[in-house]
Amino acid sequence: AADVHPSQALADLTTLQRHFGRIEDLRILYVGEGNNTLHALVLALARFPGVHLDVRTPPGYGADKAIAPLNNPQLASRLSITPPFAIGFP
């Protein structure tokens, strides 16, 4: 779907696994547009326990909150996104 980019998420997960030897319990910073790449990464990371994702998007370019696991309590309990999901640069 146009709302997610699963092949990029798989590439990102593979890179994290190869570099750190795990994905669980990582703290990850995402800087960029809230686009299909971020949507796929959020959905993928929500399946790994202890992942903390910091998201920074420019004003007006935040992610679609309907895609985010924040609306799904089962997924949100496994992913900490701070500060609030689609924020701008200070």
Side-chain angles (χ1 to χ4, degrees):
D3 295 335
V4 294
H5 192 337
S7 58
Q8 182 62 51
L10 287 173
D12 292 341
L13 293 176
T14 300
T15 300
L16 291 169
Q17 178 68 37
R18 284 186 176 182
H19 185 77
F20 296 104
R22 71 190 195 309
I23 297 171
E24 296 83 2
D25 300 316
L26 290 179
R27 183 173 186 139
I28 299 166
L29 172 64
Y30 177 92
V31 178
E33 283 188 59
N35 56 20
N36 60 353
T37 298
L38 174 59
H39 297 157
L41 187 60
V42 166
L43 292 170
L45 290 174
R47 278 131 172 89
F48 294 90
V51 171
H52 183 101
L53 178 63
D54 286 316
V55 176
R56 302 288 194 280
T57 60
Y61 291 92
D64 181 351
K65 292 183 182 177
I67 301 288
L70 294 176
N71 296 322
N72 180 329
Q74 184 179 16
L75 295 178
S77 68
R78 289 184 259 161
L79 182 64
S80 174
I81 300 175
T82 58
F85 192 56
I87 68 163
F89 291 107

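Remember, it's a predicted structure, so these values are computed and weren't measured experimentally.
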*State, with a plain yes or no, whether a side-chain heavy atom of Leu13 is found less than 4.5 Å away from one of Leu45.*
yes

_Hydrophobic cluster membership, with links at side-chain heavy-atom distances under 4.5 Å among I/L/V/M/F/W/Y: are Tyr30 and Phe20 in one?_
yes

*Over all heavy atoms of both residues, which pair between Ile28 and Val51 is shortest? Give the atoms and the distance, please.*
CD1-CG1, 4.2 Å

*Side chains of Leu29 and Arg56: closer than 4.5 Å at any heavy-atom pair?*
yes

*Please list, chain by chain and in numerical order, all residues satisfying side-chain hydrogen bond (donor to acceptor under 3.5 Å, both in side chains) with Gln17, sequence neighbours excluded.*
none

*Of all the heavy-atom pairs spanning Ala9 and Ala44, show the shortest one and how long it is.*
CB-CB, 4.2 Å

*Thr15: what forms a side-chain hydrogen bond (donor to acceptor under 3.5 Å, both in side chains) with it, not counting sequence neighbours?*
none

*Between Glu33 and Thr57, what is the shortest heavy-atom contact and its length?*
C-CG2, 4.1 Å

*Working to the nearest 0.5 Å, report the span between NE2 of His5 and CG of Leu41.*
11.5 Å

*His39 side-chain N/O to Asp3 backbone N/O, donor-acceptor pair under 3.5 Å*: yes

*asked:* Distance check, rounded to the nearest 0.5 Å: Arg22 atom CZ versus Leu16 atom CG?
replied: 10.0 Å

